[in-house]
Amino acid sequence: MSNQSLKHQHEKDYVFLMRGLKDLDLCGPYIPSDLVLTGDHAFPLAMNSGGKVPMAASLYGRGRIVVLGHEGYLTTFPALVENALTWLRGDGSDNVSVGVHKDVRAVADNLSKSSFQVEVVEAFSNNLGIGVYVTDAYSVGEDPKDLVAFLKAGGGVLIAGQAWSWAEVNPKENALLRFQGNKVCGVAGIYLSERQCGVECLPVYPQIPSSWMGAVLGKDFEDDLEFLLEGISEFNLTDGVLASEVLVHGPLAFPIGTTEDKRAFLAGAYYGQGRVIMITHEGLLGRETLAPVWNNAINWLDEGRNGIIGVSPDLDGAFNLISMLGFNCTKTNLREDLSVFVCTAYKDEHAEEIKHFVAEGGGLLIGGHAWWWAQTNQGQNTMTHFPGNKILNKMGLSVMEKTIGEGSYKAPVPSQAMKDTYHFRHLLHRVAGHVNEGEELTGNEEENLKKLGGDCVNYLRMNAHDSSFYTQMVSTLVDVLKKSGLPQVSESSPVTAPKDHLLLNVGTEVYKMYPDRDALLPYLIKDNPLMPVVYNGKIRINVNTAEGEEWISTGLYLSPGMKTYIAMPKEIVNKGWKIQIGCQTDFLKADELKRAPCVHDHFPITSEMMQVRNLWGGLIYLVVPPKTQLGGVHVTVQMAVPAPYYKSGVTTAGEWSLLRTAPAPWAELEFENIILTVPSEFVRGLDRPDELAAHWDAIMRGIADLAAIPHKFPRKERFVTDVQISHGWMHCGYPVMAHKVTAAELVSVEHAKTIGLWGPIHELGHNQQRSCWEFPLHTTECTCNLWSVYVHEEVLGVNRAQAHPAMTLAERQKRADEFVKGGRNLSSWEMFVALETYIQLQEKFGWDAFKKVFAAYHQMSNFPNDNKGKMNLYAETFSQTVGMNLCGFLKSWSWPIEESTEEKLSNLPPWTDHPMVQYG
C-alpha cells in the first residue's frame with residue numbers, strides 16, 4: 001500500500017473510531033499521560049490546545065491497538081470504547097469475543113447490552129479465542145510477549161492507563177521501556193510518557209488532529225548520553241573515512257556524535273521496545289580507536305541481557321573488534337534469539353524483519369553512508385530509496401548524501417548536549433513558536449536556521465504521508481509559511497537572513513508535495529501577473545543521444561505555480577525520460593541569495609498524460625536519457641506561455657519578428673552546436689539571429705577542430721545566464737552557467753570580434769578536457785584556455801595579447817621569470833604559469849601539433865591514473881607527433897620525466913633552443 005493510501009486509510013480509521021462523538025470532555029477527575037507517537041502507523045485520536053495527545057491508535061503487524069491515556073476513560077467514554085472494539089476486530093472479522101481484564105471489569109458491565117461476547121479474565125492467554133483484549137496499562141505483566149504476538153498476528157488490543165504517577169515513584173527508571181503498558185503499546189509506536197496531558201474539553205475534528213506544538217521531543221536523552229559517552233572524549237573519523245550526515249528527526253531519536261557545525265554522524269533512537277544506533281560509515285564499526293564507543297553502544301543496545309550479539313557475515317572488522325571486547329559474538333544473519341544485531345545499511349531485503357526485531361525489544365547497530373549510493377543512483381530519492389533508510393526512516397533517523405569531512409570530533413558533554421546540540425525537531429518547534437507566538441530565538445538557534453532549511457527539504461522528501469508525525473511536521477511548516485509568507489527574493493531584493501533562507505528552502509519543497517497548492521500559492525508568490533498562453537503546443541521528437549542526458553527545448557514556459565497537462569507518446573513512458581521545468585539547475589549555497597536556492601523541478605514520465613507545475617515557473621524541457629534513438633513522435637502541451645525561441649534552419653525571419661516579443665521572461669537561441677538561454681530582455685532587439693547563428697557555428701567548429709572531433713557535436717552545448725550561480729563567474733557543465741550580465745556578450749557578434757569571449761570559450765574548453773591528458777590540479781584551469789587562445793585567433797580574429805591581459809608578452813615573460821626564481825616548483829606550475837608551457841609548444845610547432853596529439857589520444861586506451869604517468873605519456877606522445885625530443889624542455893618546467901621516457905625518445909633530435917634555455 002502506498003504512503004498516500006495508508007494516509008487515506010488512517011483518516012478513514014480515525015473517522016470510524018470517532019463516529020457519533022462531537023466532543024471529548026476531559027475536564028473530569030482523570031489526568032492522562034501525554035502519548036508519544038512514532039513509527040509507521042500511530043495517529044492521534046485527540047489533541048489538546050498544547051499539542052499533547054491523550055488518546056491514539058496504531059497498527060502492528062496484522063493487528064490494531066487503541067491507547068487511552070488514563071484507565072478512567074474506559075468507562076467515561078462508552079461510545080468511544082464501542083467504536084474502538086468494533087475497529088479493533090479488524091475488517092471482515094466475525095469474532096465478537098472480547099476478553100476484559102478483571103481490573104477493568106466495569107468495561108464488561110458497560111458492554112452487557114452490546115453485540116460483543118464479553119468474558120472477564122484473570123490475565124491474557126493464547127487460549128482465550130478472543131478477537132479483542134481490553135486491559136489497563138498496569139496489568140499486562142512484566143514480559144507480555146504473548147499479548148504482543150496476539151497483536152502482531154491480527155488481534156485487537158485496547159489498553160488504558162497513565163505513566164506519570166509510576167514515573168514519580170520510579171524517577172530513575174526509563175518509563176518508555178520499563179513502564180508495563182509501554183511493553184505492549186510501545187511496540188506499535190505509542191508510548192505513555194511521564195508527562196501529564198492538560199485536561200480540557202476537546203472538539204472532535206473531522207480529520208486527524210495536528211498542531212505545531214506537537215513537534216516536540218519525546219524524552220530527555222541526558223541519561224542515555226551519559227551511558228553512551230562514558231570515557232569517550234572524541235570520535236576519530238580520520239584515515240580515509242568519508243562518512244555521511246545523518247538527519248535526526250524522530251521524537252525519540254537523538255544525536256551522539258556531531259561535527260563542530262552540528263552535523264551528526266552518530267545517532268541513537270528508541271523504536272518500539274528496542275533501540276538503534278547508526279554510524280554513517282560501516283568501516284568505523286571495526287576501528288580499534290573507537291572500541292570504547294562500541295563497547296558502550298552494545299551494552300546500551302543489549303540493556304543488560306548479556307545476550308548474543310549477531311554480526312552480519314560481511315563485517316569482519318566489526319566481528320573481530322566486538323569479539324575482542326568480550327561480548328558473546330557470532331557471525332550470522334538476523335535471528336530471533338539475538339539480543340543485538342550488527343549490520344550495514346546497504347541491504348533492505350529483511351527491512352521488515354529488522355524493524356519487528358527492534359520493535360519487540362532487540363538492539364540494532366547499523367553502519368553505512370549514502371553518498372556513494374546517491375552518486376551511482378542519480379535521479380533517485382535517497383531519503384526513500386537508499387536501502388538503510390527503508391529501515392531507519394521509521395525509527396526517526398535518515399542517512400543523507402551529504403558528507404562529513406575527515407576529522408577528530410569532540411564528544412559532547414551529556415549535561416549540556418540537549419541544550420547545545422542541534423536537533424531538527426526541537427528547532428522546528430522553536431521556529432513555529434517564534435512565528436505563531438512571537439517567541440524570541442536565541443543567537444545559537446538563529447545560526448542553525450539555514451541548516452534547518454536544508455534538513456527540512458530532506459525530511460519532506462521522505463514522503464512519509466502515512467506517518468502522523470510526518471503529517472504534523474508538514475502541517476507545522478505550512479502554518480509557518482502562511483503566517484510568514486515567502487521572501488520575494490530578487491536581484492534588487494536579495495536575501496541574507498537565516499530565517500529567509502529557511503523559508504525559501506522549505507517553501508519550495510512544501511509546495512511540491514502539498515495537496516492544495518492553488519490555495520498555498522498566494523502566500524508564496526505575491527506578484528504573479530497573468531500572461532497570454534497558447535494551447536495544444538506540439539513538440540516533435542527526433543533524438544539520437546550519446547553518453548549524457550540531453551534537454552529538448554520546447555519554446556514554452558510556465559509562470560510560477562501554473563499547471564499544465566502534457567500528453568506523451570507511449571514510446572517514452574517509463575523509459576527514463578523526464579519533464580523539466582526551469583533552465584536554472586544550479587543549487588545555491590551562498591549567504592546572500594538573489595533567487596531561491598533551487599528553482600527547477602523534474603517529473604519522471606510515467607504515464608501518457610501528466611500534470612506538471614513548478615513554484616518558480618520556468619521553461620519546459622523534455623530530458624532524454626543517454627543512448628536513446630527516437631523520431632516521428634511528438635508531445636502535446638495543453639497550455640503554456642510562449643517564449644522567444646529561435647532555431648537555426650527552422651525559424652524564419654518573419655516568425656522571429658513575432659517570437660522575440662513573446663511574453664515569457666526566458667529566451668532560447670538554438671544553433672548548430674550550442675543553445676543559449678538568456679533573459680528575454682537580451683533578445684528583444686536581436687534583428688539578425690541568423691548572423692548570430694553563423695557566428696556561433698564558426699566558434700563551435702573551431703572548438704571541434706582543435707579537439708580533433710567531428711564538427712557535429714554528439715550533444716549541443718548549452719549556456720544559461722542566471723541572476724546567480726553556484727560558484728565562480730561562470731562554470732562548465734551541461735549547461736555552462738554564467739551570470740546574467742554575460743548574456744549581452746553571448747548575443748553580440750560585435751562584442752566577440754572586438755573585445756572577445758575569453759570566459760565563455762574557457763568554459764567550453766573545460767567541457768573538452770579529458771582526464772587522460774589532464775594533470776589536476778595543475779592544468780584544471782589551464783588547458784581549457786588553449787581553446788580560448790585558438791578560437792580568438794583562428795575564428796574571431798582577436799590576437800591572444802588582446803584576448804586576455806594575462807597573455808601579453810610582458811605578463812608571459814614575468815610568469816616564466818618568477819617560476820624560475822621561485823625554484824621551479826612543480827606545485828606552482830598551474831593556471832597561466834602552466835599555460836605558458838603549452839603556448840611555447842604552440843609557438844614552436846603550431847596548432848596542428850595539438851590537433852594531432854589530441855587525435856592520437858582518441859586512438860589510445862589504458863591510460864595511467866596518476867599525474868606522473870600521464871605527464872610522461874603526454875611528453876612521449878607530443879614528442880613522437882612533432883618528431884622532436886621534448887624531455888629537456890619539459891624538465892625545464894619541472895615535469896617529472898622518467899628515464900624510461902627519455903630512453904624511448906632518445907632516437908629523436910632534442911629541442912635545444914627552446915625558450916627556457918635562457919634560464920640555464
Side-chain angles (χ1 to χ4, degrees), residues 508 512 525 528-541 543 549-566 568 577-587 595-596 598-603 605 610-624 634-648 650-651 655-656 658-671 674-684 686 689 715-725 733-738 740 742-743 746-747:
T508 302
K512 288 180 185 179
I525 305 293
N528 197 9
L530 288 173
M531 295 184 187
V533 299
V534 292
Y535 294 94
N536 298 322
K538 281 187 167 44
I539 294 92
R540 302 203 175 278
I541 296 174
V543 294
E549 280 190 339
E550 192 168 325
W551 303 359
I552 298 177
S553 298
T554 65
L556 298 172
Y557 170 84
L558 293 180
S559 49
M562 177 182 175
K563 60 190 173 190
T564 193
Y565 285 94
I566 302 182
M568 251 73 60
W577 290 58
K578 292 178 283 191
I579 298 164
Q580 177 177 304
I581 311 298
C583 58
Q584 308 139 281
T585 52
D586 263 7
F587 185 85
R595 66 158 171 85
C598 182
V599 292
H600 75 287
D601 203 0
H602 283 121
F603 304 87
I605 295 175
M610 292 182 61
Q611 186 190 76
V612 295
R613 68 203 303 177
N614 180 24
L615 173 62
W616 304 104
L619 291 169
I620 304 174
Y621 300 93
L622 291 169
V623 181
V624 190
H634 63 265
V635 303
T636 303
V637 180
Q638 174 219 16
M639 178 178 70
V641 178
Y645 176 49
Y646 175 88
K647 186 171 184 178
S648 295
V650 176
T651 310
E655 288 169 337
W656 177 246
L658 292 174
L659 274 173
R660 67 176 173 175
T661 66
W666 286 95
E668 290 203 312
L669 305 168
E670 182 169 349
F671 305 139
I674 194 167
I675 304 166
L676 308 177
T677 307
V678 298
S680 296
E681 65 201 73
F682 292 97
V683 305
R684 302 288 189 208
L686 180 62
R715 175 177 71 177
K716 295 183 182 186
E717 296 277 21
R718 280 184 176 272
F719 252 97
V720 173
T721 60
D722 193 7
V723 68
Q724 189 174 7
I725 66 176
Y734 183 82
V736 174
M737 295 296 304
K740 179 181 173 181
T742 308
L746 295 176
V747 300

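Residues take their numbers from the sequence shown, with the count starting at 1.
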I need the Q611 CD to Y565 OH distance, nearest 0.5 Å. 4.0 Å
Give a yes or no on this: more than 12 heavy atoms of other residues, nucleotides or ligands lie within 6.0 Å of atom CG of L530. no
Nearest 0.5 angstrom please: K740 NZ to D722 CG, how far? 9.5 Å
Taking side chain as C-beta onward, heavy atoms only, is Y645 less than 4.5 Å from L556? no
Can you list the steps and then say if S553 with L619 is a side chain to side chain contact (heavy atoms under 4.5 Å, CB included)? CA-CA 8 Å; S553 298; L619 291 169; over 6 Å; no
Beyond-backbone contact of D586 with R595, side-chain heavy atoms, under 4.5 angstrom: yes
Decide yes or no for T554 and V637: does some side-chain heavy atom of the first lie under 4.5 Å from some side-chain heavy atom of the second? no
Among K716, R718, K647, R660, salt bridge (charged side-chain N to carboxylate O under 4.0 Å, His left out) partner for E668: R718
Can you find a heavy atom in the side chain of I525 that is under 4.5 Å from one in the side chain of W616? yes
Do S680 side-chain atoms and A664 backbone N/O form a donor-acceptor pair below 3.5 Å? yes
Does some side-chain heavy atom of M562 sit less than 4.5 Å from a side-chain heavy atom of M531? no
Donor-acceptor contact below 3.5 Å, side chain N528 vs main chain S559: no
How long is the span from the OH atom in Y646 to the CD1 atom in I675, to the nearest 0.5 Å? 13.5 Å
Taking C-beta and beyond as the side chain, do Q584 and H600 meet within less than 4.5 Å on heavy atoms? no
Measure the acute angle between the ring planes of W551 and Y621, then classify it against the limits of 30° and 60° as parallel, tilted or perpendicular. tilted
Could you give me the CA-CA distance, side-chain angles and deciding distance for E550 and Y734, then say whether side chain to side chain contact (heavy atoms under 4.5 Å, CB included) is met? CA-CA 9 Å; E550 192 168 325; Y734 183 82; 3.8 Å; yes
Side chains of Q580 and H602 only: does a donor on one sit below 3.5 Å from an acceptor on the other? yes
Can T677 and W666 be counted as having a side-chain donor-acceptor contact under 3.5 angstrom? no
What do the steps show when you test L622 against V543 for side chain to side chain contact (heavy atoms under 4.5 Å, CB included), and what is the final call? CA-CA 11 Å; L622 291 169; V543 294; over 6 Å; no
Side chain to side chain contact (heavy atoms under 4.5 Å, CB included) assessment of V624 paired with W577: CA-CA 5 Å; V624 190; W577 290 58; 3.7 Å; yes
So, taking the atom named CD1 in I552 and the one named CD1 in I541, what distance separates them when rounded to the nearest 0.5 Å? 5.0 Å
d(T742 OG1, I725 CD1) to nearest 0.5 Å is 8.0 Å
Taking the side chain as everything from C-beta on, heavy atoms only, tell me whether P663 gets closer than 4.5 Å to P642. yes
Taking the side chain as every heavy atom from C-beta outward, state whether I566 and I620 have any atom pair closer than 4.5 Å. yes
CD1 of I581 to OH of Y557, rounded to nearest 0.5 Å, is 10.5 Å
Mind listing the closest non-hydrogen atom pair of A643 and L659 along with its distance? O-CD2, 4.0 Å
Shortest non-hydrogen contact between L558 and T564, atoms and distance: CD2-CG2, 3.8 Å
Show the nearest heavy-atom pair for residues P532 and V641, with the distance to one decimal. O-CG1, 3.7 Å
Only one of V747, I674, L746 forms a side-chain contact (heavy atoms from CB on, under 4.5 Å) with L669, so which one is it? V747
